[in-house]
Amino acid sequence: MSKPCLLLVDDEERILRSLAMLFRAHYDVVATTDGVEALKVVRSRPVHVVVSDQRMPAITGVDLLRQIRDHSPRTMRILLTGYADLAAVEASVNDGEIFRFLEKPWDALKLQDAVAQAADIAHAEFAEPIRVAPPPEAIVAARVLVLDEDPSTAMLVRGLLPPSCAITIATTVEAALARLGEAEHAVILAELKHGSDDVIGALKLLKQANPHTLAIACSSLRDGRLLIDLINQGQVFRFLPKPLGRELLRRALTAALDRHAQLAHDPQRARRHAVEAPREVSLPSRVMDYFRRIRENARQKAAS
Amino acid sequence: MNASMSSLPPVALAPAPPGDLAALIAPVPPLTPACTVQQAGERFLEPAVAGLLSLPIVERGRVLGCVTRHELMMRVYMQPYGRELHARRPVTALMNAAPLVIAVDSAIEAAGQLIGARIQSPITEDFVVTDAAGDYVGMGVVLDVLRALEARVGEHTRELESAYRRLKASQNQLIQSEKLASLGQLVAGLAHEINTPLGYVQNNVEMVRNHLPAAAETLAAYAGVLDAAGGDDATAAQSAQRLDDALAAFDPALCGDLASLLDDTLHGVHQIADLVASLKDYSRIDQARSENVDLHGLIESALRIGGHLLRRRDVQVRRQFGEIAPVTCAPAQINQVLLNLIGNAAQAIEHDRGIIAIRTQASGGYAMIAVQDNGKGIPPDVLPRIFEPFFTTKPVGQGTGLGLSICQQIVQAHGGRIAATSTPGVGTRFVVALPVAGRSGARA
C-alpha cells in the first residue's frame, strides 16, 4: 500500500516545515502556503487528508475546506487553528463539515492519531467506487426526533417537513433515547441547553452508538469550546443558533435527511463520522442501557 | 371673623399635590364692597394678615378688586388730611379693579410666569386665587411663590446634576466596554499570533528531542566501530552491526533538517518574545506620561499587535518615517490611537492590493503621524460625523462607534489634533498631530 497523501496548508512556512517533518515518514506530504495551489493539488491527485490553518490572507481555512469538499468529497478535512473564534467554529461545522477541529499549539500524538484515522477512512473510500446518489423516496419516510423543552421547536420542524416524515418529540434525554431505541431515526434536533440533562454527553454517546443518526444541535449558548468538543467527539452535523431561523433550519434538515439517505444507501460512508472517545459523560446506568439497545439495533440493521 | 379665619387650616383648601399653588394659599376672609377705607386699614393691622400686601374685595364669591397696603399708606395715611378725606369712603374707591388672579390648580411655574409678567417692582401687591368657577378661594403671597420656585429650581438643579453624574458614569462604562471589546479582539488576534509560532516551536522541540537518543546511539556506535578497529573480527562485525542498526533509526542527513528546525524554533521564540514585549507596551495602564517617547517605536508596536488585522488581507505597510523628536505622552494611550487607526485602515480595504502608508514628520513643535489607506473611503456625508460618539457605519454589534471618539479624546487630552480626509473609492488619511513638549508645553 502506497503512502497516503497528506496536504498541509498554512500561511506560516515554519508550521509547514514542522508538520512535514512530523508526517513525512508515513505520508506523502504536500505542503503549500497558498489556498489556490491547494485546490490545484486536490484536483490533480487523490488527497486523503488535508490539514489547514483557519486564518490565512487570501482565504479562510473553512472556505478552503468547503471548496476542497466540493472538488474531492472523499478527502478528510481537519482544521488546525491558533484561535477558535466562534464564527470559525460554527462555519467549520455548517460549511466545512470537518472531521476534526484541532488547535495550535497542537499535541503531536493527538494530531498524528487524528490524521492516521482520517487517512484510513479516506484510503478505504478511495478504494471503493463512487456510488450514485440514493433514490429520493428514502428521504420522504424518514423519522426526525426533536429534543427540546420548548414545544415551538417541534412545531417549527413539523411545518418544514413533508407530512410523510414522522416527528418524535421528547423533552428529556431519557425519553429521547427510549424512542431512539424503538426505531431508527434519521435526524435528531437537540437543544443543548437543558435544565438538568447532559444533552451534549448524550449526543456524543449517540454518535458512537449509531453513526447513522445525524445530529443537528441548536442553542442560544454560543460557546466555541463546547462546539469543538461536539465536532471532535460528537460529529455534530449542523449547529444552529437559537432563536431558530426557518430557512436555516429547513436547509439543515434537508441536508441531514439527504446525508442519512446516502448513509443508508452506502453504509461505509458512516466511517467518515467516526468520533474521538469523549472525555467523560455522566449519565445514569438506565440511560446507558438505551445506548446499548440503540447500538445493537444499528448493528443488526447494518448486518441485514 | 378673626377666630374663624385662624381656625381654618390652610391645607384644607389645598387638595392639589404639595408644592403646587394650592399649598401656598392663605384663606383670608375678604373685604366686602360695603367696607370703608377705615375698616380696610384696621384689617391690615390684624396679625393674621401681617404678611399680606393686599386684601381682596369680594361680593358673592366674585372678586371685584384688591386694595393694597401700599395704596392705603400713600393715598390715605401719609397724605395730609388723607384720613379725613378718605376714611369713610367705600374701599372700592381705592381698589385696583384688575388685580392678578390665578387659578387654584395652576402649577407653581405657571404662577411664577404670570407674576413675573404682571407684578412690578417694588412689589406692592399679592395675588388672588380663584377656583375653577372663578370664585374667590384665598390670597397668594408673591414672595411665597418665589421661594417655592427657588426650591423647585434647586431641586431641578440637583436632578440635573445627578442625571449628569449618571450619564458621565455610563459614558465611562461605555468607554471601558469599548476598551474591553477592543481588548477582546486584541486577545483573539494575539492568541493566533502567539499560538502559530508556539505550534511549530513545541513540535520542533519535541521532534528534536525524540531524535536525540537515536543520534546519541549513532555517535556511540561510530565510537564503537573506531574502538573495535584494532580488535578481533567478531567485535568488529558486532560494532558494524550496531552502527547499521543505529543508522537505520537515525540518518545523519537528518542533522541538517534538525538544525533548520532549531533555527525555526529560535525564530519562533523571538517572535513570541517580540509579541509579549509589544503587549507590555500596549498594556501599560498607568495614565502617567513619559518623556522622550519614540513614536516610531509605538508605531512598530501597534503594527505588531495589529499584525493579524493586516495579514487577513495581505495588506502591505509602507513606512515613510521622517525625523521627529521624542514626544512627551502617555504611550499606552497613543498606542491605542495608533492601533485603532491601523485597524480601521485595514478594515476599509476590501481588495487584494491593500497598502497602508504610515508617514511621520515634524512641523512647528508638533510630531505628525499620517495613516493612509487605499481602501473604500468614507462618503462625504459621513466624514464630518466620524468622531461623534456612538456614530458607526458598522453593523449592530460590531462596533460601539466609540473608537474614533476615544481617539479624539486622547489626542485632545495631549494637546494635539486629529483630522481625516477621504475620497470614496480612493482611500482615507488620518493625521494625528501631537505637541512634542506634551500638553503643558504646548500651552506655554
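In the text below, chain A, chain B and the rest are named by the order of the sequence lines, each starting its count at 1.
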S.K.: Quick one: are Met21(A) and Leu254(B) in side-chain contact, heavy atoms under 4.5 Å?
M.R.: yes
S.K.: For Lys193(A), look at atom NZ and say whether over 12 heavy atoms of other residues, nucleotides or ligands are found less than 6.0 Å away.
M.R.: no
S.K.: Are there over 12 heavy-atom neighbours, none belonging to His26(A), within less than 6.0 Å of that residue's NE2?
M.R.: no
S.K.: Surrounding CZ of Arg359(B) (heavy atoms of other residues, nucleotides or ligands, distance under 6.0 Å), is the total greater than 12?
M.R.: yes
S.K.: Considering only heavy atoms from C-beta outward, does the side chain of Tyr200(B) approach that of Arg17(A) to under 4.5 Å?
M.R.: no
S.K.: Can you confirm whether Glu12(A) sits close enough to Pro197(B) that some side-chain heavy atom of one is under 4.5 Å from a side-chain heavy atom of the other?
M.R.: no
S.K.: So which heavy atom on Asn203(B) is nearest to which on Leu19(A), and how close?
M.R.: ND2-N, 4.2 Å
S.K.: Contact between Leu198(B) and Lys104(A) at the side-chain level, heavy atoms closer than 4.5 Å - yes or no?
M.R.: no
S.K.: Given that the side chain runs from C-beta out, which part of Asp352(B) has a heavy atom under 4.5 Å from chain A: side chain, backbone, both or neither?
M.R.: neither
S.K.: Give the minimum heavy-atom separation between Glu206(B) and Ala108(A), together with the two atoms involved.
M.R.: OE1-CB, 3.3 Å
S.K.: Under a 4.0 Å N-O cut-off, is there an ion pair linking Arg14(A) with Asp263(B)?
M.R.: no
S.K.: Counting neighbours of CD on Glu37(A) that are heavy atoms of other residues, nucleotides or ligands and sit closer than 6.0 Å, is the number greater than 12?
M.R.: yes
S.K.: Grab the two heavy atoms, one from Ser18(A) and one from Met207(B), that are nearest each other, plus how far apart they are.
M.R.: O-CE, 3.2 Å
